Amino acid sequence: MKLIIGHLYADLMNIYGDMGNIIALKKRAEWRGIEVKLKVKSLKSKIKKGECDIFFFGGGQDQQQSLVASDLESSGKGKIIKEEVERGIPLLAICGGYQLLGQYYKPHNRPKLPGVGLFPAYTVAGDKRMIGNIIIDTQFGKLVGFENHSGQTYLKKTGQPLGKIIKGFGNNGGDQTEGCIYKNAVGCYMHGSLLPKNPALADWLLEKALKIKLEPLNDSLELQAHLQALMLK
Ligand code: GLN
């Protein structure tokens, strides 16, 4: 069995340890004897339908986001990513990547960036940064992470939040929601990186990508890190 991971804009959108999500997906598949191939899809790349089994889109600063937003639109990659998610391909997007998969992202004192329109949400940069450890309650149990963003994301009526805030700011620091889940796509503000400390979500994404039920792993180390993060101030 083989897993092909499409790493979106890996050279431009990869901050606060987001690469750890790729490592977690890769290792958790390899520990189960599954061969993994990584494909970086950035400014000069094309994405063919059916080429990738899962996509990952990391966080980034406003400057990189404007480059990426225009490439998503002009290259047609945004449209293909949306079509792939519509047919059930899983995706994880963190922070800046999450913002660009909504309807639009309006950075501070910069022009509005077009979004892909995958998540029913939009983002406007506020004048304060939301920084710190975050814990949310979700269908995967509690998820732990770290956030650092000025963008305030608001879900449309049809938008399903990934979870409810237990600790931290989340989407906008006001409505107690964090992230968005649409079909098998998850967007959120949780750096950390997210997946190594939240194995249930990592395996859910892998099972959607591989279309199989995975044997459980010995997650004692991951769960130690998870519990540690739950106790952080
Ligand atoms: N530039 C965006 C913001 O500040 C995203 C930052 C990030 O990816 N951490 O909200």
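Along the sequence shown, residues carry numbers from 1. Atoms within a ligand are numbered from 1 in the order they appear, just like the ligands themselves. For clarity, every value in this text was computed on a predicted model and none was experimentally measured. For the numbers below, each heavy atom of this structure counts, side chains included, while hydrogens, waters and symmetry mates do not.
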Smallest heavy-atom separation, I212 atom then M1 atom, equals CD1-SD, 3.8 Å
Do any N or O atoms from the side chain of K197 and from the backbone of V144 form a donor-acceptor pair under 3.5 angstrom?
-> no
Do any N or O atoms from the side chain of K106 and from the backbone of R110 form a donor-acceptor pair under 3.5 angstrom?
-> yes
The answer for which part of T123 has a heavy atom under 4.0 Å from ligand 1 is neither
What's the shortest heavy-atom distance between D219 and P199, and which atoms?
-> OD2-CB, 3.5 Å
When Y105, Y98, F57 are each screened for ring pair (Phe, Tyr, Trp, His ring centres under 6.0 Å) with F119, the one that passes is Y98
What protein heavy atom sits nearest atom 7 (C) of ligand 1, and how far off is it?
-> C95 SG, 2.8 Å
For ligand 1, which atoms, with element, lie under 4.0 Å from some heavy atom of G151?
-> 3 (C), 10 (O)
Which atoms of ligand 1 sit under 4.0 Å from any heavy atom of I15?
-> 7 (C), 8 (O), 9 (N)
Just by distance, do the side chain of E86 and the backbone of E83 share a donor-acceptor pair under 3.5 Å?
-> no
For ligand 1, is H191 a contact, meaning one of its heavy atoms is under 4.0 Å away?
-> yes
For D62, the ligand 1 atoms with a heavy-atom partner under 4.0 Å come out as 1 (N), 2 (C)
Would you please determine whether E147 falls within less than 4.0 Å of ligand 1 on a heavy-atom basis?
-> no
Donor-acceptor pair between H191 and D18 side chains, under 3.5 angstrom = yes
Which protein non-hydrogen atom lies closest to atom 5 (C) of ligand 1, naming both residue and atom, and how far is it?
-> G60 O, 3.3 Å
Locate the shortest heavy-atom distance separating P107 from D62; write the atom from each residue and the value.
-> CB-OD2, 3.5 Å
What part of Y105 sits under 4.0 Å from ligand 1 if we count only heavy atoms: the side chain, the backbone, both or neither?
-> side chain
Of all the non-hydrogen atoms in the protein, which one sits nearest to atom 3 (C) of ligand 1, and at what distance?
-> S150 N, 3.6 Å
Using a strict 4.0 Å cut-off to heavy atoms of Y16, name the atoms of ligand 1 that fall inside it.
-> 9 (N)
Near R129, which atoms of ligand 1 are under 4.0 Å from a heavy atom of that residue?
-> 4 (O)
The atoms of ligand 1 lying under 4.0 Å from a heavy atom of G96, numbered in the order shown, are 5 (C), 7 (C), 8 (O)
For the residue pair T153 and N172, confirm or rule out a side-chain donor-acceptor distance under 3.5 Å.
-> no
Do L210 and I54 touch side chain to side chain, with heavy atoms closer than 4.5 Å?
-> no
With atoms numbered from 1 as shown, which atoms in ligand 1 lie under 4.0 angstrom from a non-hydrogen atom of G59?
-> 8 (O)
Report the part of Q65 in contact with ligand 1, treating N, CA, C, O as backbone and CB onward as side chain, heavy atoms under 4.0 Å; options are side chain, backbone, both, neither.
-> side chain
